**Student:** 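One structure, as C-alpha cells, below. Some questions next.
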Amino acid sequence: MARPPLHNDFSWSKSRHEKFSECLRAYYLYYYRSWGGWEADAARDVRELYVLKKLSNRYTWAGSIVHEALKDVLLDWRAGREVDPKAVEARAHKLMQDDFRHSRSKAYWTQKYRKPFTGLAEHEYGEAIPNEAWKQNFETVRSALAWFFQSRWPGIAKGLKPAQWLEVDAGSDFAHFIHEGVKVFAIPDLAYVDEAGSVVVVDWKTGRSREGYDEQVLGYALYISQRYRYPLEKVRASLVYLNEGLEHDVAVDPSAMASFHQHFAKSVAGMRALLADPAANTPKGAEAFPQTGDLNACARCVFRRPCGREAAVAEARPRVA
C-alpha cells in the first residue's frame, strides 16, 4: 500500500527559532523550499537543498557523537547491563573515523548512511581544516565522556528503579507536545523521578553556555509535565556542561515560565507573519525571507552555495570566525 503523502505542518523548536532569528533566507530554505527533496522525482534544486540541510559542522557533529554514546550508555544501565567506559570511547572513535571517511568522499550525495549523520559542511565546501582541528574534535568527545563517567551521573542512573526512568533521548519522531495549539518538539536527554518524587529533566551540552539554553529545558519541563501529568512545581531542570564539568539548575517557577511563554508567543507570531496561508503552513514568496548581512552567519550556513554567498564567504574566510 502506498503511504499517505507527508504534510509540512507548522511546528516550533529551539533550533527552528534560532534559524529564524539568524537568517530568514536559511530558515525558508530549510523548512520550506527543501521540502520533498527526499522523493525520487524531486527537482534538482530541491534535492540539493534537502541534502545540504542534513549536513552538520564539526562542532555539532562532536556533540551528536557524545549524545548518541550517552544515550546508549543510559539505555544499557536502564536494562541492567554493565558498561565499559573504555569500550564506549573506542566505539565513539571508530564511529567518528567512519563518519569522516563517508563525509570526505561526499558519499552523502549518493549513499544512504546512518541517522542522524550524513556529512560535514567543511567537506562539502572544501574548507582547509588542519589535522589538529579534526583531532581536537575527537578530544572534545573523549573529554566529555571521561567527565561523565567520573561525575555523579553514573551513580544516579544506576541507582534508579525501573519505575523511576521516564525518558532517554526519545527522538524527534516521538518527543513533542501541543502548546497553545502548536506542535513543539522537545527531546530531553534524560528524564527521571528522584527519590523525593520530583521529576528531573537533564540536557547534556558539549559547548559553552549561551543564550537560549534555559528556554530549551523549560520547554522540556513543559513537555514532561504534560506527557506524564506531573505538576510543573514538581519538575526540576538541569543543564550539564560536560566539557566544562559544570551543572546549572534552571528554575522552573512562575516567573521563568512566564518568560518562556512570552518568548514562545513572540517567536511563533513572527514565523506565522511570514505565511501566506497559516492554516496550510504555506510561506510567502522568497522575497519575504531576505538574506542576512552577517557573513559570519553565512560561513556557518550549509546553504551558502544555493544562496549565492559561497564566493563571499571564501573571500572573507581569513576574517570570519
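Note that this is a predicted model, so its numbers are computed, not measured. What you see below is based on every heavy atom in this structure, not just the backbone, and it leaves out hydrogens, waters and symmetry mates.
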**Student:** Do you reckon Val46 sits in the same ILVMFWY cluster as Tyr50, going by side-chain contacts under 4.5 Å, direct or chained?
**Tutor:** no
**Student:** Just by distance, do the side chain of Gln226 and the backbone of Tyr223 share a donor-acceptor pair under 3.5 Å?
**Tutor:** no
**Student:** Pairs in or reaching into residues 79-91: which pass side chain to side chain donor-acceptor pair (under 3.5 Å), with residues at least two apart or in two chains?
**Tutor:** Asp76-Arg81
**Student:** Less than 4.5 Å apart, side chain to side chain, heavy atoms only: is that true for Glu215 and Phe264?
**Tutor:** no
**Student:** Can you tell me how far the NZ atom of Lys234 sits from the CG atom of Leu232, to the nearest 0.5 Å?
**Tutor:** 12.5 Å
**Student:** Kindly state each residue pair satisfying salt bridge (charged side-chain N to carboxylate O under 4.0 Å, His left out) with at least one member in residues 25-36, sequence neighbours excluded.
**Tutor:** Arg33-Asp45
**Student:** With sequence neighbours left out, write down each residue that passes salt bridge (charged side-chain N to carboxylate O under 4.0 Å, His left out) with Lys14, or none if nothing qualifies.
**Tutor:** Glu18
**Student:** Just checking Phe138 against His93, ring centres under 6.0 Å apart?
**Tutor:** yes
**Student:** Mind checking whether Arg300 and Glu22 have side chains closer than 4.5 Å, heavy atoms only?
**Tutor:** yes
**Student:** Check residues 123-131 and write down every donor-acceptor pair under 3.5 Å in which the side-chain atom is one partner and the other belongs to a residue at least two apart or another chain.
**Tutor:**
from	atom 1	to	atom 2	distance (Å)
His123	ND1	Ser103	OG	2.7
His123	ND1	Arg104	N	3.4
Glu124	OE1	Tyr108	OH	2.5
Glu124	OE1	Trp109	NE1	2.9
Glu124	OE2	Arg305	NH1	3.0
Glu124	OE2	Arg305	NH2	2.9
Tyr125	OH	Val302	O	2.6
Tyr125	OH	Arg305	N	3.2
Glu127	OE2	Arg304	NH1	2.9
Glu127	OE2	Arg304	NH2	3.4

**Student:** Starting from the C-alpha separation in whole Å, work towards a yes-or-no answer on side-chain contact (heavy atoms from CB on, under 4.5 Å) for Phe148 and Val73.
**Tutor:** CA-CA 11 Å; Phe148 172 81; Val73 166; 4.2 Å; yes
**Student:** Charged N to carboxylate O under 4.0 angstrom, Glu68 versus Lys71?
**Tutor:** no
**Student:** Please identify each residue that fulfils salt bridge (charged side-chain N to carboxylate O under 4.0 Å, His left out) with Arg229, with sequence neighbours left out.
**Tutor:** none
**Student:** May I have the list of side-chain donor-acceptor pairs in residues 278-288 shorter than 3.5 Å, sequence neighbours left out?
**Tutor:**
from	atom 1	to	atom 2	distance (Å)
Asn281	OD1	Tyr32	OH	2.7
Asn281	ND2	Asn8	O	2.7
Lys284	NZ	Ala273	O	3.1

**Student:** Going by the rule salt bridge (charged side-chain N to carboxylate O under 4.0 Å, His left out), which residues pair with Glu180 if we only count those two or more places apart in sequence or in a different chain?
**Tutor:** none
**Student:** May I have the step-by-step check of side-chain contact (heavy atoms from CB on, under 4.5 Å) for Glu167 and Arg227, ending in yes or no?
**Tutor:** CA-CA 11 Å; Glu167 291 197 2; Arg227 178 168 184 178; 2.8 Å; yes
**Student:** Same cluster or not: are Leu95 and Tyr59 linked, directly or through other Ile, Leu, Val, Met, Phe, Trp or Tyr residues, by side-chain heavy atoms under 4.5 angstrom apart?
**Tutor:** no
**Student:** Once side chain to side chain donor-acceptor pair (under 3.5 Å) is applied, do any residues pair with Arg101, and if so which ones, sequence neighbours excluded?
**Tutor:** Asp98
**Student:** Compare every heavy atom of Leu120 with every heavy atom of Leu55, then report the nearest pair and how far apart it is.
**Tutor:** CD2-N, 4.1 Å
**Student:** Quick one: list whatever passes salt bridge (charged side-chain N to carboxylate O under 4.0 Å, His left out) with Asp249, sequence neighbours left out.
**Tutor:** none
**Student:** Donor-acceptor check, side chain of Thr60 to backbone of Ser56, threshold 3.5 angstrom: yes or no?
**Tutor:** no
**Student:** Measuring from atom CH2 of Trp77 to atom CG of Leu160, what distance do you get when rounded to the nearest 0.5 angstrom?
**Tutor:** 10.5 Å
**Student:** Could you list the donor-acceptor pairs under 3.5 angstrom formed between side-chain atoms of residues 183-195 and any protein atom two or more places apart in sequence or on another chain?
**Tutor:**
from	atom 1	to	atom 2	distance (Å)
Asp189	OD2	His67	NE2	3.2
Asp189	OD2	Trp204	N	2.7
Asp194	OD1	Ala196	N	3.0
Asp194	OD1	Gly197	N	3.0
Asp194	OD1	Ser198	N	2.9
Asp194	OD2	Arg236	NH2	2.9

**Student:** Output every pair passing salt bridge (charged side-chain N to carboxylate O under 4.0 Å, His left out) with a member in residues 148-157, not counting sequence neighbours, ordered by first then second residue.
**Tutor:** Arg152-Glu247
**Student:** Quick one: are Tyr27 and Leu274 in side-chain contact, heavy atoms under 4.5 Å?
**Tutor:** no
**Student:** Tell me, which pairs form a side chain to side chain donor-acceptor pair (under 3.5 Å) where one or both residues lie in residues 253-264, sequence neighbours left out?
**Tutor:** His179-His261
